Peer 1: 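Have a look at this one before I ask anything.
Model, not experiment: these values are computed from the prediction. Numbering of ligands and ligand atoms starts at 1, following listing order.
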Amino acid sequence: MTVSLEIVRERLRAVPKVDVLARQPSLARFRERLGEAGVMHACRSVIAEVRCRVMDGADMPSLEAAALAVAARLEPVLSARVRRVINGTGVLLHTNLGRAPLSLAAVKAAAEAGRGYESLELDLEAGGRGSRGAYAERALAELTGAEAALVVNNNAAAVLLVLTAMAYGRGVLVSRGELVEIGGGFRVPEVLERSGAHMVEVGTTNRTRLADYERALDEHDDIAVILTVHPGNFRINGFTEAPMLKDLAALARRRGLTHVDDLGGGALIDLEAHAGLAGEPTAADRVAAGVHATCFSCDKVLGGPQGGAIVGERAVIDRVRRDPLARALRLGPMPTAALEATLEHYLARDMEAVPVLAMMRRPVAEVARRAERWSTWLAAKEVRCRVVSTEGRVGGGTFAEEPLPSAALELEADGHTAVSLAARLRSGPTAVLPRIASDRVLVDARTVLDDEEDALLEAVVAACRSNLAV
Ligand SMILES: *Cc1c(COP(=O)(O)O)cnc(C)c1O
């Protein structure tokens with residue numbers, strides 16, 4: 001059936017204008033969060049589709065239906081965009097939430113670096129080319145007692161780079177007990193293979209002795225590196241044995257090899273003295289043990305931006321720095337500035353300034369008082385809640401299984417299961433990520449930042465209330 005040109009024209013005239021559609025009240029939240037231009041763009045393509053369909057004889061959709069089509073198009077865009085989330089999980093270093101929150105000074109430094117030009121690779125005194133990260137590297141060397149340091153994009157990059165520079169085409173000795181997957185796809189054997197080195201396994205899953213390394217060295221003449229890996233949240237209990245790091249470092253030295261340690265967390269201070277958290281080795285311990293190159297994350301217990309550090313002997317660090325891969329793995333200017341500011345806190349011994357260190361040290365009684373305050377406020381708004389004691393974690397592969405005593409708000413709302421209430425909290429205008437434990441929704445008071453309290457309470461009221469209107 002053919003439709004006359006006149007009728008088609010008539011129909012097309014009735015198609016809503018793009019700007020009228022974009023102003024629909026139901027699209028307000030998209031305008032707020034994605035901007036006018038983003039919404040207009042989606043409206044234009046929806047209108048173009050409507051026109052095609054109308055020309056083919058379809059009925060004209062209502063303005064609301066067209067707005068729904070725009071919303072359906074923008075919803076995935078909105079949820080893909082990175083936004084602030086209030087961390088109610090009690091996990092201090094949550095990889096899905098970007099790990100360590102930065103100090104105000106670090107945030108300012110990163111913003112300054114992003115906003116203007118900076119002396120990233122310029123030596124202002126000499127007027128010549130400087131080295132990116134030189135300040136952070138000097139600070140890391142000082143804080144760990146190492147001769148030299150190098151910063152790169154993350155710890156995975158640090159390990160890959162060191163192995164490439166020191167063992168490409170040669171063998172790397174690793175204990176079978178340390179062939180772990182750290183999470184997020186970092187598997188020691190795979191990274192090792194990508195570095196161009198080949199893996200030589202020693203010992204057994206639970207027991208590896210110095211003699212095992214010695215025997216492997218006698219049997220293979222192409223070994224360049226002895227690699228040790230801090231297994232993070234993977235623990236073997238009971239009948240285990242691993243040689244002392246200083247014995248391994250000494251063995252590597254005797255045989256002319258490089259001992260590389262993947263430390264993971266990168267504690268720069270003794271966390272047992274700081275917060276009563278036992279068992280996390282410091283980078284300085286590794287340097288003191290004689291390890292040639294120690295690799296760690298800057299955004300785990302160190303409390304800085306995403307980054308990876310390599311600290312150790314100058315000759316090794318220099319060789320790693322000259323590897324062609326170093327350029328591909330370098331740290332960006334904004335994290336470089338944030339890392340410098342974070343390390344400043346350490347140099348000044350101002351641990352309270354580093355948010356992760358402040359959070360892990362906060363006494364549980366103080367955390368509980370905070371939750372009580374929230375509970376009183378929320379009860380006045382008729383939100384059903386109570387304070388419960390709970391256990392958080394440091395996370396990020398460090399003490400991952402060690403409980404961190406904490407206190408949380410337990411929330412309930414009529415007509416909601418734990419899962420649906422948690423979904424409401426996540427998807428509101430202020431996103432809150434709670435923890436669900438035994439079918440209860442918990443908001444841990446340890447991991448909520450000081451300046452987030454008001455927004456959190458408003459978000460809880462909105463999430464628990466909104467079902468009343470339904
Ligand atoms: C976390 C971790 C990594 C990966 O570090 P990223 O900074 O996330 O790249 C590698 N090795 C160990 C032992 C770790 O704990």
Side-chain angles (χ1 to χ4, degrees), residues 91-102 106 133 136 140 144 149-164 172 174-195 197 199 225-236 242 245 248 259-268 271 277 279-283 285-286 289 291 293-312 320 325-326 328-332 334-336 338-339 342-343 356 393-402:
V91 179
L92 269 56
L93 299 163
H94 200 298
T95 299
N96 301 352
L97 298 180
R99 293 201 187 139
L102 298 177
L140 280 167
T144 60
L150 176 65
V151 292
V152 290
N153 192 44
N154 54 26
N155 186 34
V159 175
L160 176 67
L161 180 60
V162 174
L163 292 176
T164 306
V172 174
V174 202
S175 163
R176 290 198 168 86
E178 295 175 356
L179 294 176
V180 293
E181 173 173 321
I182 306 296
F186 183 90
R187 288 183 159 175
V188 173
E190 290 175 4
V191 174
L192 223 157
E193 190 189 319
R194 262 308 142 101
S195 73
M199 181 169 74
V225 162
I226 296 179
L227 174 68
T228 48
V229 181
H230 185 47
N233 53 3
F234 173 73
R235 294 270 150 83
I236 303 171
L245 276 162
L248 269 185
H259 178 189
V260 176
D261 183 66
D262 176 7
L263 176 60
L268 295 181
L271 295 177
L277 292 164
E280 185 71 5
T282 66
D285 294 340
R286 296 306 203 238
V291 175
T294 301
C295 305
F296 53 86
S297 290
C298 298
D299 50 346
K300 290 185 179 170
V301 283
L302 192 155
Q306 182 189 306
I310 307 158
V311 300
V320 173
L325 199 54
L329 302 177
R330 70 181 181 181
L331 190 61
M334 289 166 68
T336 298
L339 180 59
T342 305
L343 295 173
V356 170
R393 286 182 288 127
V394 175
T398 35
F399 324 98
E401 304 306 327
E402 301 297 317

Peer 1: In a check of side chain to side chain contact (heavy atoms under 4.5 Å, CB included) between Val311 and each of Val151, Leu140, Val291, which one passes?
Peer 2: Leu140

Peer 1: Going by distance only, is there an N or O of His230 that falls short of 3.5 Å from an N or O of ligand 1?
Peer 2: no

Peer 1: For ligand 1, which atoms sit closer than 4.0 Å to a heavy atom of Lys300?
Peer 2: 1 (C), 2 (C), 3 (C), 14 (C), 15 (O)

Peer 1: State, with a plain yes or no, whether a side-chain heavy atom of Met199 is found less than 4.5 Å away from one of Leu179.
Peer 2: yes

Peer 1: Once you round to the nearest 0.5 Å, how far does CG of Asp261 lie from CG of Leu227?
Peer 2: 7.5 Å

Peer 1: So Asn155 and Phe186, side-chain contact (heavy atoms from CB on, under 4.5 Å) or not? Walk me through it.
Peer 2: CA-CA 10 Å; Asn155 186 34; Phe186 183 90; 5.7 Å; no

Peer 1: Among Asp262, Asp299, Leu160, which one puts a heavy atom closest to atom 11 (N) of ligand 1?
Peer 2: Asp262

Peer 1: Would you say Gly265 has any N or O atom under 3.5 Å from an N or O of ligand 1, going by distance alone?
Peer 2: no

Peer 1: Calculate, to the nearest 0.5 Å, the distance between atoms CZ and NE2 belonging to Arg286 and His230 respectively.
Peer 2: 7.0 Å

Peer 1: Please list, in number order, the atoms of ligand 1 under 4.0 Å from a heavy atom of Gly264.
Peer 2: 12 (C), 13 (C), 14 (C), 15 (O)

Peer 1: Heavy-atom distances under 4.0 Å decide this one: backbone, side chain, both or neither, for Arg99 against ligand 1?
Peer 2: side chain

Peer 1: Check each atom of ligand 1 against the heavy atoms of Ser297 and keep those under 4.0 Å away; list them by number with element.
Peer 2: 5 (O), 6 (P), 7 (O)

Peer 1: Rounded to the nearest 0.5 Å, what separates atom CE in Met334 from atom CD in Gln306?
Peer 2: 13.0 Å

